[in-house]
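Remarks on the structure that follows.
Just so you know, these numbers come straight off a predicted model, no measurement behind them.
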Amino acid sequence: MIRTTKARLFVFFAAAMVLWIAPHTKSNAQAEDPQGSIELDQTSFAATAWRSDGTHITAIKGKLTFGDQPVANALLQVKPQGRNIVTQEDGSFELLVDRSLIAYKPVLVVSVQNAKIAGKPIENKAADSILAASAKITVYHPIEVTKVAASETDASRVKVHARFIIGKDDKISFFQVYKYRISGTVEDADGRPVKDAIVWIDRDSGEGFAKSTKADRNGRYEMYYWPEEDETNLTVIVGKHRYTLPGGKVFHFPRDTSVDIQIRLPREGFVIDDEPSNLVCTTAPGAKYSGLLAGLDVPPGTPYTVTIPDRQGRFVLTVPKDVWEKRPLFFETMSTKFVAQDKILKAGDELPDGFVQPGNQDPTLPAAVR
């Protein structure tokens, strides 16, 4: 009786082992299924200035495989809007990287319609895996942290002194005034807004012109321009009609400031009366800025500030101490913004919380610590 029971227990135990092993063996087999893969010789690049001899362009090689087999005649692209790259018989391909533009660029398989593995068309399961393959390329200016010190005004924060590492002959356009804004309204002779009116300015020399947005339902328009305190023509286009200043008259824009121009069109004819109440120009606060900035890759809403880099690429972040202790990555972005304030921003000025935000194509990177 005891022997029979032991035998039954042994049979039961063996059966259980078979049942337990079977799904795990299947799972391991699934885990070992071949996968599509893109391999690149190099994925990270230090940014450099554009050069006329083309040395800012770097060629790199890669290979597309499914498991250990090369995938031939597949189409790849470097997003966004990259050209089609066709893989060779051994799965290899070559692509060009422009190191003058900071970027995070995914490399994706966009088609396997004509692709082959070992000379044979690709089956659906393999095709799905290959189409899911990806790699990424990042181009950035390396960042070095030179000092971390406690904030003088808030014990819960630290000041992180850092700098962009720039090539000896490189000139980087850090965040600075890019253009000024010309805005205002266009009205008819009775003071009603003229929707879809376009304001156009240009110089007789043919250089330096700008075209506004179409005026909205309130007659408001805007454009961005770099005024150089010289004689400028002003034209308002409404449908097929063009309204201009009186013959021999020109417009003078003040230097280094935004302006607001209120324009009232004539009741008859196409000549704008340049007397007050019909053509009024006043200075306005603000300017459009553009250039390179750095920030921290932290959850949205995390409070921190950053200063505008100086010519040597030096900047300071003021960050909660507990956030900095988690060693967040930096991000770099070419930011373009209109800032509506009287004071012109300059290197060393502190930008407020939330001012610097990363874009989808902005690279992230760890900083070296000196």
So, Thr307 versus Glu350: side-chain donor-acceptor pair below 3.5 Å or not? no
As a test of understanding, state which of Arg51, Arg311, Arg99 forms a salt bridge (Lys or Arg N to Asp or Glu O under 4.0 Å) with Asp170. Arg51
Under 4.5 Å between side-chain heavy atoms, counting indirect links through other Ile/Leu/Val/Met/Phe/Trp/Tyr residues: same cluster for Val316 and Ile165 or not? no
Return the minimal non-hydrogen interatomic distance between Leu365 and Pro142, and the atom names on each side. CD1-CA, 4.2 Å
Residues in ring-ring contact (aromatic ring centres under 6.0 Å, His included) contact with His141, at least two apart in sequence or another chain: none
For Asp53 and Thr55, indicate whether the former's side chain and the latter's backbone hold a donor-acceptor pair under 3.5 Å. yes
Write down the atom of Gly36, the atom of Phe66, and the distance for their closest heavy-atom approach. N-CD1, 3.8 Å
Full working for side-chain contact (heavy atoms from CB on, under 4.5 Å) between Tyr304 and Val160: CA-CA 11 Å; Tyr304 74 91; Val160 180; over 6 Å; no
When you compare the side chain of Val250 with that of Leu245, does any pair of heavy atoms fall below 4.5 Å? no
Single hit among Val109, Val110, Ile122 for side-chain contact (heavy atoms from CB on, under 4.5 Å) with Leu131: Val109
A side-chain contact here means heavy atoms from C-beta on lying under 4.5 Å apart; do Gln88 and Asn73 qualify? no
Hey, are the side chains of Asp196 and Tyr221 touching, using non-hydrogen atoms and a 4.5 Å cut-off? no
In sequence, state the C-alpha distance, the side-chain angles, and the governing distance for Gln262 and Leu279, and then conclude on side-chain contact (heavy atoms from CB on, under 4.5 Å). CA-CA 6 Å; Gln262 309 297 320; Leu279 187 62; over 6 Å; no
Are any of the side-chain nitrogens in Lys63 or Glu39 under 4.0 Å away from the carboxylate oxygens of its partner? no
For Lys337, look at atom NZ and say whether over 12 heavy atoms of other residues, nucleotides or ligands are found less than 6.0 Å away. yes
Could you give me the CA-CA distance, side-chain angles and deciding distance for Ile344 and Tyr289, then say whether side-chain contact (heavy atoms from CB on, under 4.5 Å) is met? CA-CA 10 Å; Ile344 294 299; Tyr289 296 79; 3.8 Å; yes
Should Asp188 and Arg267 count as an ion pair when the cut-off is N to O under 4.0 Å? no
From CG (Leu64) to CD1 (Ile38), nearest 0.5 Å: 6.0 Å
Under a 4.0 Å threshold between the charged nitrogen and the carboxylate oxygen, would Asp274 count as salt-bridged to Lys249? yes
Heavy atoms of other groups near Glu89 CD, more than 12 under 6.0 Å: no
Is there a path of hydrophobic side-chain contacts, each under 4.5 Å between heavy atoms, that joins Ile137 and Ile102? no
Return yes if a side-chain donor-acceptor contact under 3.5 Å exists between Asn233 and Asp202, otherwise no. yes
Could you tell me whether the side chain of Leu296 reaches within less than 4.5 Å of the side chain of Thr302, counting heavy atoms only? no
I'd like to know if Val148 and Val298 are part of one continuous hydrophobic network [Ile/Leu/Val/Met/Phe/Trp/Tyr, side-chain heavy atoms within less than 4.5 Å]. yes
Pro106 vs Lys79 side-chain heavy atoms within contact, under 4.5 Å: yes
Answer with yes or no whether the side chains of Thr364 and Asp297 bring together a donor and an acceptor at under 3.5 Å. no
Heavy-atom closest contact (Ile261 atom, Leu234 atom, distance): CD1-CD1, 4.4 Å
Going by heavy atoms in the side chains, are Lys343 and Pro285 under 4.5 Å from each other? no
Using every non-hydrogen atom in the two residues, find where Ser37 and Ala133 come nearest and quote the distance to one decimal. N-CB, 3.8 Å
If you look at every heavy atom in Pro254 and Thr283, which pair is closest and at what distance? CG-CG2, 4.3 Å
Can you tell me how far apart OG1 (Thr87) and CD (Glu94) are? Round to the nearest 0.5 Å. 14.0 Å
When rounded to the nearest 0.5 angstrom, what distance separates CH2 in Trp200 from OG1 in Thr232? 13.0 Å
Criterion side-chain contact (heavy atoms from CB on, under 4.5 Å) on Leu40 and Phe93, from CA distance to verdict: CA-CA 9 Å; Leu40 300 176; Phe93 59 89; 3.7 Å; yes
Kindly compute the distance separating NZ (Lys136) from OG1 (Thr43), expressed to the nearest 0.5 Å. 7.5 Å
Do you see a donor-acceptor pair shorter than 3.5 Å between the side chains of Ser151 and Lys159? no
When the side chains of residues 319-327 are checked against the rest of the protein, which donor-acceptor pairs come out under 3.5 Å, sequence neighbours left out?
| from | atom 1 | to | atom 2 | distance (Å) |
| --- | --- | --- | --- | --- |
| Arg327 | NH1 | Trp324 | O | 3.0 |

Would you say Gln69 has more than 12 foreign heavy atoms packed within less than 6.0 Å of its CD? yes
Correct closest heavy-atom pair for Ala103 and Pro363 would be O-CB, 3.7 Å
OG1 of Thr185 to CD of Glu222, rounded to nearest 0.5 Å, is 13.0 Å
Tell me, do Ile263 and Val280 make a side-chain contact under 4.5 Å, heavy atoms counted? no
Is the shortest side-chain N to carboxylate O distance from Arg314 to Asp310 below 4.0 Å? yes
d(Leu101 CG, Thr48 OG1) to nearest 0.5 Å is 11.5 Å
With a 6.0 Å cut-off (strictly less than), is the heavy-atom count around CD of Gln341, excluding the residue itself, greater than 12? yes
Just say parallel, tilted or perpendicular for the rings of Phe251 and Phe253, cut-offs at 30° and 60°. tilted
With heavy-atom distances below 4.5 Å as the criterion, would you say the side chains of Leu351 and Leu345 are in contact? yes
Tyr225 with Phe338, same ILVMFWY side-chain cluster at under 4.5 Å: no
How about CG on Asn84, more than 12 heavy atoms from neighbouring residues, nucleotides or ligands closer than 6.0 Å, or not? yes
Has Asp98 got a side-chain atom pairing as donor or acceptor with Ser100's backbone, closer than 3.5 angstrom? yes
Any Lys/Arg nitrogen of Lys125 or Asp128 sitting under 4.0 Å from an Asp/Glu carboxylate oxygen of the other? no
Under 4.5 Å between side-chain heavy atoms, counting indirect links through other Ile/Leu/Val/Met/Phe/Trp/Tyr residues: same cluster for Val271 and Leu265 or not? no
Distance-only criterion, 3.5 Å: show the donor-acceptor pairs between side-chain atoms of residues 172-183 and protein atoms not counting sequence neighbours.
| from | atom 1 | to | atom 2 | distance (Å) |
| --- | --- | --- | --- | --- |
| Ser173 | OG | Gln176 | NE2 | 3.4 |
| Gln176 | NE2 | Phe174 | O | 3.3 |

For the aromatic rings, using the six-membered ring if either is Trp, is the centroid distance between Phe330 and Tyr140 under 6.0 Å? no
